[in-house]
Participant: 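For reference, the structure I am asking about is given below.
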There are 2 protein chains.
Amino acid sequence: MGKALTKNQTLVLDTLSKADGPLSAYSILDDLRDEGMQAPPQVYRALEKLLKTGLIHRLESLNAYIACRDPDCVSHPVTGFAICETCGDVSEFAGEKISKQLKDWEDDNGFLVEKTTIELRGICRPCKG
Amino acid sequence: MGKALTKNQTLVLDTLSKADGPLSAYSILDDLRDEGMQAPPQVYRALEKLLKTGLIHRLESLNAYIACRDPDCVSHPVTGFAICETCGDVSEFAGEKISKQLKDWEDDNGFLVEKTTIELRGICRPCKG
DNA sequence: ATAGCGAGCGTTATATTGTAACGCAATAAC
DNA sequence: GTTATTGCGTTACAATATAACGCTCGCTAT
Ligand SMILES: [Zn+2]
Ligand SMILES: [Zn+2]
Ligand SMILES: [Zn+2]
Ligand SMILES: [Zn+2]
């Protein structure tokens, strides 16, 4: 049983869920000034918890955060992100096959993976026209 | 023909080449105070050039930089990194097969990739014991 | 019940990472 | 030679993230 979220955690998750793209920690903070968020640690602590429970993801190449939109995310071995440089849109994808290739490398090299980051930067189909 | 590197670019590359792990921009700066590096822009400009020419890589999940140690790096479709959380060691690997899986996804989704980030965080074989 | 524990909170201050913008110097192109 | 380009050195600043403190609340072992 995952515990219920606290007020701050809910505020941050709601902000990310309503956004149509990734948000920086500080833009989340700005959005929530009126609901009682006053300082970075409050946002970062909420983000940390939400990351741990898998409700949101961090995009390392953007220093930004996004709500998970894949209901089956936790059941996938690895998750990748395709980030459009033009419109900012982010697509989350499940790397089922990629995961196998990575596992091969890990096994060959005796590396025990705790977290995998896969991020593609480029141009999405709509933006290519 | 790649142009010759400037003095600052050479200093930064040498620092990264001699290091036995990734370095932050500011630790490079500290290392080079005595050789004339005085302020962040000098380091960041050198890093930018070295990244563009493929002589170094940026580790997004670490906000750090590392000299490329794969002589064939440019000929590989994608490069991945395995980062040990315990000893800080970084292994660069060529993702030949992974690249094919990614390309499938890109083709299926009409996504034009410009840069691919693959970073594994975990425990390396020596550290597992 | 109550004392202790753990998680989260609100706050202040600070650390770390990265850029904008300026004028100048060296170099390459014409 | 004149003119673009590229990089340099500098100041100032923006953006991202964390340390540390004391407090409250809910749980739980005694
Ligand atoms: Zn997800
Ligand atoms: Zn797009
Ligand atoms: Zn390389
Ligand atoms: Zn290790």
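Chain naming here is simple, since letters A, B, ... match the order of the sequence lines and numbering starts at 1 in each.
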Participant: Sugar-phosphate atoms are those with a prime plus P, OP1 and OP2; base atoms are the rest. Using that split, label each nucleotide of nucleotides 8-19 of chain D B, S or - for protein heavy atoms under 4.0 Å, 5' to 3'.
Facilitator: BBBB----BBBB
Participant: Pairs in or reaching into residues 39-68 of chain A: which pass side chain to side chain donor-acceptor pair (under 3.5 Å), with residues at least two apart or in two chains?
Facilitator: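 Only A:His57-A:Glu92, A:Arg58-A:Glu60, A:Arg58-A:Asn63, A:Arg58-A:Tyr65, A:Ser61-A:Glu119, A:Ser61-A:Arg121 qualify under side chain to side chain donor-acceptor pair (under 3.5 Å).
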Participant: Are there any protein N/O atoms within less than 3.5 Å of an N/O atom in nucleotides 22-28 of chain D, and if so, which ones and at what distance?
Facilitator:
none

Participant: To the closest 0.5 Å, what do you measure between CG (A:Leu55) and OG1 (A:Thr10)?
Facilitator: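 A:Leu55 atom CG to A:Thr10 atom OG1 measures 10.0 Å (nearest 0.5 Å).
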Participant: Once side chain to side chain donor-acceptor pair (under 3.5 Å) is applied, do any residues pair with B:Asp14, and if so which ones, sequence neighbours excluded?
Facilitator: none
Participant: Between the two end axes of the helix from C:dA1-D:dT30 to C:dC30-D:dG1, each built from 5 base pairs, what angle do you get to the nearest 10°?
Facilitator: 40°
Participant: Under a criterion of less than 4.0 angstrom to any heavy atom of chain B, what are the 5'-terminal and 3'-terminal contacting nucleotides of DNA chain C?
Facilitator: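 The contacted stretch runs from C:dT17 to C:dA21.
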Participant: So, using side chain to side chain contact (heavy atoms under 4.5 Å, CB included) as the criterion, who are the partners of B:Arg69 when residues are at least two apart?
Facilitator: B:Ile66, B:Ala67
Participant: What pairs meet the salt bridge (Lys or Arg N to Asp or Glu O under 4.0 Å) rule with one or both residues in residues 22-43 of chain A, with sequence neighbours excluded?
Facilitator: A:Asp30-A:Arg33
Participant: How far apart are the C-alpha atoms of B:Asp89 and B:Ser91, what are their side-chain angles, what is the distance that settles it, and do they pass the side chain to side chain contact (heavy atoms under 4.5 Å, CB included) test?
Facilitator: CA-CA 7 Å; B:Asp89 185 66; B:Ser91 300; 3.8 Å; yes
Participant: Would you be so kind as to tabulate the donor-acceptor pairs closer than 3.5 Å made by side chains of residues 15-23 of chain A, with sequence neighbours excluded?
Facilitator:
unit_1, atom_1, unit_2, atom_2, d
A:Thr15, OG1, A:Leu11, O, 2.9
A:Ser17, OG, A:Leu13, O, 2.9

Participant: Before you tell me yes or no, could you show the steps for B:Phe81 and B:Leu59 under side chain to side chain contact (heavy atoms under 4.5 Å, CB included), namely the whole-Å CA-CA distance, both residues' side-chain angles and the distance that decides it to 0.1 Å?
Facilitator: CA-CA 8 Å; B:Phe81 301 92; B:Leu59 300 173; 3.5 Å; yes
Participant: Return all side-chain donor-acceptor pairs below 3.5 angstrom for residues 95-112 of chain B, not counting sequence neighbours, or 'none' if the list is empty.
Facilitator:
unit_1, atom_1, unit_2, atom_2, d
B:Asn109, ND2, B:Trp105, O, 2.8

Participant: Rounded to the nearest 0.5 Å, how far does SG of A:Cys124 lie from CD1 of A:Ile83?
Facilitator: 12.0 Å
Participant: According to the side chain to side chain donor-acceptor pair (under 3.5 Å) rule, which pairs have a member within residues 73-84 of chain B, sequence neighbours left out?
Facilitator: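 For residues 73-84 of chain B, and leaving out neighbouring residues, the side chain to side chain donor-acceptor pair (under 3.5 Å) pairs sorted by first residue read B:Asp70-B:His76.
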Participant: Which value, rounded to the nearest 0.5 Å, describes the distance between B:Asn8 atom CG and B:Leu32 atom CG?
Facilitator: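 Between B:Asn8 CG and B:Leu32 CG, I get 8.5 Å after rounding to 0.5 Å.
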